[in-house]
Every structure is written in structure tokens, then in C-alpha cells.
Amino acid sequence: MAFTTGMPASAPLSLLPGVGQGSTIMFIHAHPDDETIVTGATMAACSAAGARVVLVTCTRGELGEVIPAELAHLEVDQSEFSLGTHAFEEQALDARGQGEDHDVAALEGDTAPGAGLAQERERELAAALSALGVHEHMWLGQGLTAPATGPVVFRDSGMAWGADGRAMAAPIVLSGSFSREPLEQVAPLLAAAIRSLRPDVVVSYAADGGYGHPDHVRTHQLTMAALREAASPATSSAASSPASPGEGSAGQDELAGWTVPAVYAIVSDRPERPLAAGVPRIAVAGDLGAKTAAMKAHRTQITVAGELFALSDNVWRNIFAIEEFVAVDQTQIYGAP
């Protein structure tokens, strides 16, 4: 990775500060594969050190590009979207809140745009997390993050490439898309999980999501809003979200507020998003083998050849065990003490 500004990272650490045996670290990502590409080595190292590693994924990435030719039929042509013409607009609204099944096809319908890719990426993520040694995962809107009315699904918002090389909002964003959801409705869902799990560390994106993708930006906004909300005790209704087996149950701990001791933002290596001068970086030397194996699991999104990988742009890059982060000032989240 090359960085043009910011303070050089000190010698790589084996773990993020605040993480150790018995601690809990929560990673919050936008789509399947994001967790592996930018934090996979760190996640694997944390798990191997005896930390409880929890991943929250906000969408299933059903509007992502597809690399393998044999799976090209799963890719959605977003140029075909037109306002008011997709039956999915009504299907999604009808399905939300029913809570009959956690499977995306049951909640959205097999004919919803990207349903096939969503199912494939669910399988890929499960295989990637197995490679990373991560055993706790929840989709936003399900498990500890489900609303009291039952589980819901937040869809990939899609994106377009801007002239400056950064991601931007797609011309049309369908109903039920994550970036369209009001923060005041979604933040309490993530806040409930934070209160329940009481993580020692939370990791997510910087304010621009790393490269501008609307879902990445929304994930940052959601994380900050949920951290603030989780610091205050929950109302009884907010604490009544149904929990999946093994994820805990509603109780006194869920009602109590929780201030996360350490929050980190992921450093982007994209040249159009340099760090501000003077920002210290924290480098973590994680598990390269586990990260590489997890990358291979995300076959619709990543091609791996030895120690190199490529995304849909066919640009080959090195797979790095070292991942970098910056500490988020607590006053930016919670205000002055």
C-alpha cells in the first residue's frame, strides 16, 4: 500500500490496541468481500488471539459486478432500472417486516433484482469467514439487529463511477436500498447489538467510505449514529428485538448503555483519498494465509493468483498481511466529556 500523506505507521502491531484474549471486536462492513479485502488479515489475527470477533454486514451486495463468466448471469444490469417500472418496488415494501425467513429469496422473492447473486454471495461470505476463523456474523436487520416487528433485509444500493475515479450514487436507487434508509430508523438496530455485545473495539469506514460507494458512506454514518445511541440506555421496545440462537437474549445488559472504548477507521490506499497530514496510522500485521483463502472464497468479486488479486477492473494488486487503521477521536462520536 502506498500513502502520500499522514504520519507513517509505526512498526506493525500483532493486534489493534484494545484487542486481546477475551475481548470483543466488532467489524461493520457494507457488502460481502469488504471484510476480507480491507480487514481480513486483522480479523483472522484477532480470532487466533482469542478475541471474540463479530461481523455485521449491511447488505448482500446483490448489485455487484460478477467476474467468472460462468456466473455472469447473476449480474444485474442496473441500466435497465427505471423508476416506477420494477415490480420489486412493491415486492420489497410488502416483504419488509414479515420476518418469515432469514433467507433473502424468501424475504424479497426469487425474481427480485440480484436475488441470485445475493444467495451466491451469502455462501461466499460464509466460506470466507470460515477461512478467517470468524464464527459470529449477522446481517443488518437480523439477529440482534432485527427490529421488534421481525427481520428485514437492506439491499445493495448500487453505484456508478464518477469522472474522478470515485464511486458515486447510481442514477436510480431502488426501494429498500440501504443508502435510502433513514438513519433514525436503522441506527437503533445496530445500537441494540452494541449494547448487547458490549464490544471493546469497533472498526468500520472513514467518512467517505474509502472510495465513495454510497453503501460504504452510509455504513460509516450508521456506525457513528449507532455508537452514540448505544451509549444511552435503550427503551424497552428498542431492547425487544428477537435474538437468533447463540446471539444472546434480551435482558438487563441490553437495556444498559455502552460506550465503546476504542473505535478505528479503516485507512484507504486509494490515491484520490490521501490522509490528512498529521494523522497517525496504526499498522496491524495479520494472517496473510487466512486472508488469501478468504479472498478465494469470494469468487464472484475477486480473482486470486498466488500473492496477487484482482477485482473486476482486472488490475492486479499485492495481497497484504499489513492493514492500517486510524483511531477515531472519542469526542467526534460522543462529544466532549
Side-chain angles (χ1 to χ4, degrees), residues 16 19 24-47 52-64 104 117-118 121-145 153-159 167 177-179 181 186-187 189-190 193-194 197 199 201-227 260 263-270 284 286 290-291 294-295 297-298 300-302 311 323-326 328:
L16 276 168
V19 178
T24 298
I25 179 169
M26 176 183 286
F27 292 82
I28 305 168
H29 280 284
H31 315 102
D33 84 343
D34 293 327
E35 81 296 325
T36 296
I37 294 172
V38 293
T39 60
T42 301
M43 293 174 73
C46 291
S47 179
R52 182 184 187 184
V53 181
V54 181
L55 171 65
V56 178
T57 310
C58 296
T59 83
R60 288 161 177 77
E62 52 266 76
L63 298 185
V104 68
L117 182 56
R121 295 190 73 176
E122 285 184 356
R123 291 188 287 267
E124 292 176 353
L125 179 58
L129 293 181
S130 178
L132 297 176
V134 174
H135 308 293
E136 293 190 63
H137 171 253
M138 67 188 81
W139 300 101
L140 182 66
Q142 300 184 17
L144 290 174
T145 65
V153 167
F154 297 101
R155 286 183 51 83
D156 185 348
S157 302
M159 53 153 280
S177 295
F178 177 51
S179 66
E181 295 297 322
V186 183
L189 307 183
L190 181 57
I194 293 172
L197 297 174
V201 174
V202 165
V203 177
S204 193
Y205 310 116
D208 71 344
Y211 71 109
H213 192 299
D215 286 336
H216 285 235
V217 173
R218 199 57 160 174
T219 300
H220 163 81
Q221 295 168 344
L222 167 65
T223 301
M224 295 300 107
L227 287 167
V260 177
V263 178
Y264 298 99
I266 301 160
V267 170
S268 170
D269 64 342
R270 299 180 66 89
V284 176
K291 180 174 181 174
M295 280 187 161
H298 286 293
T300 61
Q301 307 301 304
I302 307 172
L311 303 176
E323 296 163 343
E324 294 192 330
F325 307 86
V326 295
V328 178

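Throughout, numbering of the chain's residues begins at 1 and tracks the sequence.
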Classify the ring geometry of H216 against H31: parallel below 30°, tilted from 30° to 60°, perpendicular beyond 60°. tilted
Would a 4.5 Å heavy-atom cut-off, applied to side chains only, mark L311 and I302 as touching? yes
S179 side chain vs D215 backbone, donor-acceptor pair below 3.5 Å: no
Candidate list H135, M138, H137, M43, test side chain to side chain contact (heavy atoms under 4.5 Å, CB included), partner V54, passing option: M138
Output yes when a side-chain donor or acceptor of T57 lies under 3.5 Å from a complementary backbone atom of P32, and no otherwise. no
Measuring from T223:OG1 to H29:NE2, what's the distance to the nearest 0.5 Å? 9.5 Å
Tell me whether T39 contacts the main-chain N or O of E35 through its side chain, where contact means a donor paired with an acceptor under 3.5 Å. yes
Side-chain contact, heavy-atom cut-off 4.5 Å: D33 with E124? no
I'd like to know if R60 and E122 make a salt bridge, using a cut-off of under 4.0 Å between side-chain N and carboxylate O. yes
Quick one: which of V153, T59, D156 gives a side chain to side chain contact (heavy atoms under 4.5 Å, CB included) with F178? T59
Keeping the roles fixed (side chain from E323, backbone from V284), state whether a donor-acceptor pair exists under 3.5 Å. no
Min side-chain heavy-atom separation L125-W139 under 4.5 Å: yes
Determine whether L132 and V53 make a side-chain contact, defined as any pair of heavy atoms from C-beta on separated by less than 4.5 Å. no
Is the shortest side-chain heavy-atom distance between P199 and I25 below 4.5 Å? no
